[in-house]
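Okay, structure first, notes after.
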Amino acid sequence: MDFIKRLPPWTIPLAGGALILGYLVFTVAVLVGGYRAAARGEMPVFTDFTPKYAVSLLVQREPAADLYIPERMFQASVAAAQAAYGGRLDDRQAGSIGFAPWMYPPFFILFLYPLAYLPYLASLAAWLAVTAIPYGLAMARALGRRAGLLLAFASPPAFYNLMFGQTGFLSGGLIGLGLTLVHARPVAAGICIGLATVKPHLGILVPFALVAGEHWKPFGIAAITLVGLVTASILAYGMDPWYGLIGTIEFYRNGFAAGAYSYEDLVTVQGMLRLAGVGAEAAWKAQAVAAALALAAVLWAWWHKRSRPSHVGLQTAVLGAATLLAVPMAYSYDLVLLMPGVAWLWADMKERGASLAEVLALGLALAAILPLKAVAGAIHFQYAPLVSLALLVLAVVRLSGLRRQAARADS
């Protein structure tokens with residue numbers, strides 16, 4: 001760490017600021033290019049925010065259950081495409097948006113309902129700004145406000161979330177913030193974790209962590225929050241959307257075998273193997289093994305008999321990296337889930353010191369995220385799971401050292 005301390009104090013803020021500015025300029029350039037292409041009669045640019053805007057349009061005009069009918073969701077997406085381009089698209093241009101499957105639980109509709117009350121671009125900006133709040137808070141809790149926010153938005157996963165207008169800030173921020181509050185503010189922790197169920201599969205290991213750590217109050221509050229969200233969605237939209245979700249789960253799961261998903265951007269073990277040409281059955285078996293090992297790492301990290309409040313940051317790092325190895329579906333923007341753990345790893349290195357190898361491992365893992373989609377497209381190999389694995393190993397090593405240090409202090 002000494003070589004970092006010898007850098008001029010303005011070096012890191014300047015580099016981080018340059019990255020953030022670069023992300024913004026690139027994103028704006030892509031959007032402007034999309035509008036210019038549309039004006040020329042060419043294919044416009046759509047992001048993953050467009051289907052979310054479509055959800056808001058649809059539920060303001062027809063039953064929410066129609067979101068789970070592919071034809072209705074596609075028609076709503078076409079309407080959102082027209083809204084994004086001021087109604088100036090022809091049928092061919094608007095239809096190029098394609099079909100975005102709606103696989104979220106019905107209570108996520110409550111989060112998206114207000115979007116269409118704003119013009120498209122204003123709504124996109126508001127969505128990114130509001131969902132960035134929990135993410136920024138999670139990062140600031142690890143590194144302090146200035147350094148935490150700088151790392152948060154200069155990180156490559158932030159760029160992907162910005163580009164796609166996706167849910168990474170929301171899910172990664174709520175899970176990261178909730179986990180690190182389990183000791184200090186268990187009620188707030190439970191609420192954050194409960195709200196993160198808008199993308200439920202990314203929280204699949206969280207209940208195991210809470211039970212292993214005997215964090216019963218956050219667990220209970222998270223359950224109450226989830227029940228409250230489900231109840232609110234039923235009161236607002238009835239049971240039909242839930243029937244629709246249940247009816248489409250198997251259809252979308254079969255999409256893996258049919259090759260319906262883009263493996264280049266699928267940052268999981270499943271995606272890595274399928275892109276490399278491995279068959280569906282073998283890929284699922286490997287994914288199951290990875291999930292089992294990830295669960296074992298989380299149980300070890302959060303086991304209450306060896307845990308202390310001061311360990312929660314590195315425990316969060318273990319869980320974030322393990323989750324992305326455990327789940328079969330996660331995309332580049334979901335790598336935001338790694339970032340609270342990266343912040344805690346960096347904070348721990350600053351506090352306890354670190355070898356050059358550890359610093360390089362953290363830095364290279366983070367830097368490798370930025371080109372991963374381009375590299376995957378070029379060489380047909382998605383190495384993102386190796387990044388998650390490297391961060392998981394680093395977190396386990398650092399946590400083991402912290403525990404040994406605590407044991408020596410107790411003896």
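All values below come from the heavy atoms of this structure, side chains included, with hydrogens, waters and symmetry mates left out.
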Study note, to complete from the structure: Looking only at heavy atoms, the pair that brings Ile191 and Thr225 closest together is CA-OG1, 3.7 Å
Review point. Is atom CZ of Arg403 surrounded by more than 12 heavy atoms (other residues, nucleotides or ligands) closer than 6.0 Å?
Key: yes
**Study point:** Close side-chain approach of Leu149 to Met139, heavy-atom, < 4.5 Å
**Key:** no
Review point. What do the steps show when you test Lys199 against Thr167 for side chain to side chain donor-acceptor pair (under 3.5 Å), and what is the final call?
Key: CA-CA 8 Å; Lys199 205 156 187 178; Thr167 57; 2.9 Å; yes
Review point. Considering all heavy atoms of both residues, which atom of Tyr23 and which atom of Ala154 are nearest to each other, and what is their separation?
Key: OH-O, 2.8 Å
Check your understanding: Should we count CZ of Arg40 as having more than 12 external heavy atoms under 6.0 Å?
Key -> yes
Check your understanding: With distance as the sole test, does Gln287 use its side chain to make a donor-acceptor pair with the main-chain N or O of Gln270 at under 3.5 Å?
Key -> yes
**Study point:** salt bridge (Lys or Arg N to Asp or Glu O under 4.0 Å) partners for Glu358, two or more places apart
**Key:** Arg398
Study note, to complete from the structure: Contacts of Phe219 meeting ring-ring contact (aromatic ring centres under 6.0 Å, His included) (sequence neighbours excluded), chain-then-number -> none
**Study point:** Side chains of Val78 and Asp91 in contact at under 4.5 Å (non-hydrogen atoms)
**Key:** no
Exercise for review: Check salt bridge (Lys or Arg N to Asp or Glu O under 4.0 Å) between Glu281 and all other residues, then give those that pass, not counting sequence neighbours.
Suggested key: Lys285
Check your understanding: Side chains of Lys217 and Val182: closer than 4.5 Å at any heavy-atom pair?
Key -> no
**Study point:** Backbone of Ala81 reached by a side-chain donor or acceptor of Thr50 within 3.5 Å
**Key:** no
Check your understanding: Ring centres of Phe164 and Tyr331 under 6.0 Å apart?
Key -> no
Review point. Is the number of heavy atoms from other residues, nucleotides or ligands under 6.0 Å of Leu24 CG greater than 12?
Key: yes
Study note, to complete from the structure: Note: Gly165 and Leu124 closest approach over all heavy atoms is CA-CD1, 4.0 Å
Review point. Can you name the one residue among Trp127, Tyr85, Phe49 that meets ring pair (Phe, Tyr, Trp, His ring centres under 6.0 Å) with Tyr120?
Key: Phe49
Check your understanding: Does CH2 in Trp303 sit with more than 12 non-hydrogen atoms of other residues, nucleotides or ligands closer than 6.0 Å?
Key -> no
Review point. Given the rule in the side chain to side chain contact (heavy atoms under 4.5 Å, CB included) test, do Tyr104 and Val198 qualify, once you have shown the distances and angles that lead to the verdict?
Key: CA-CA 7 Å; Tyr104 292 96; Val198 295; 5.7 Å; no
Practice item. Check whether any side-chain heavy atom of Trp300 lies under 4.5 Å from a side-chain heavy atom of Ser400, and answer yes or no. Key: yes
Exercise for review: Answer yes or no: is there a donor N or O on one side and an acceptor on the other, between the side chain of Trp242 and the main chain of Pro106, under 3.5 Å?
Suggested key: no
Point to revise | Student check: side-chain heavy atoms of Ile369 and Val387 closer than 4.5 Å | key: yes
Review point. Do the side chain of Gln93 and the main chain of Asp90 share a donor and acceptor less than 3.5 angstrom apart?
Key: yes
Review point. Is atom CZ of Phe208 surrounded by more than 12 heavy atoms (other residues, nucleotides or ligands) closer than 6.0 Å?
Key: no
Check your understanding: Would you say Leu402 and His311 make side-chain contact, with heavy atoms under 4.5 Å?
Key -> yes
Review point. According to the interplanar angle, ranging from 0 to 90°, do the rings of Tyr135 and Phe153 count as parallel (below 30°), tilted (30 to 60°) or perpendicular (above 60°)?
Key: perpendicular
**Study point:** Heavy-atom check, side chain of Leu314 versus side chain of Leu345, under 4.5 Å
**Key:** yes
**Study point:** Neighbour count above 12 (heavy atom, 6.0 Å) for Arg36 CZ
**Key:** no
Check your understanding: Is there side-chain contact between Ser388 and Leu338, with heavy atoms separated by less than 4.5 Å?
Key -> yes
**Study point:** Phe99, CZ atom: more than 12 neighbouring heavy atoms under 6.0 Å
**Key:** yes
**Study point:** side chain to side chain donor-acceptor pair (under 3.5 Å) between Trp102 and Thr248, worked out
**Key:** CA-CA 9 Å; Trp102 182 251; Thr248 58; over 6 Å; no
Practice item. In sequence, state the C-alpha distance, the side-chain angles, and the governing distance for Val267 and Lys373, and then conclude on side chain to side chain contact (heavy atoms under 4.5 Å, CB included). Key: CA-CA 9 Å; Val267 296; Lys373 187 174 181 181; over 6 Å; no
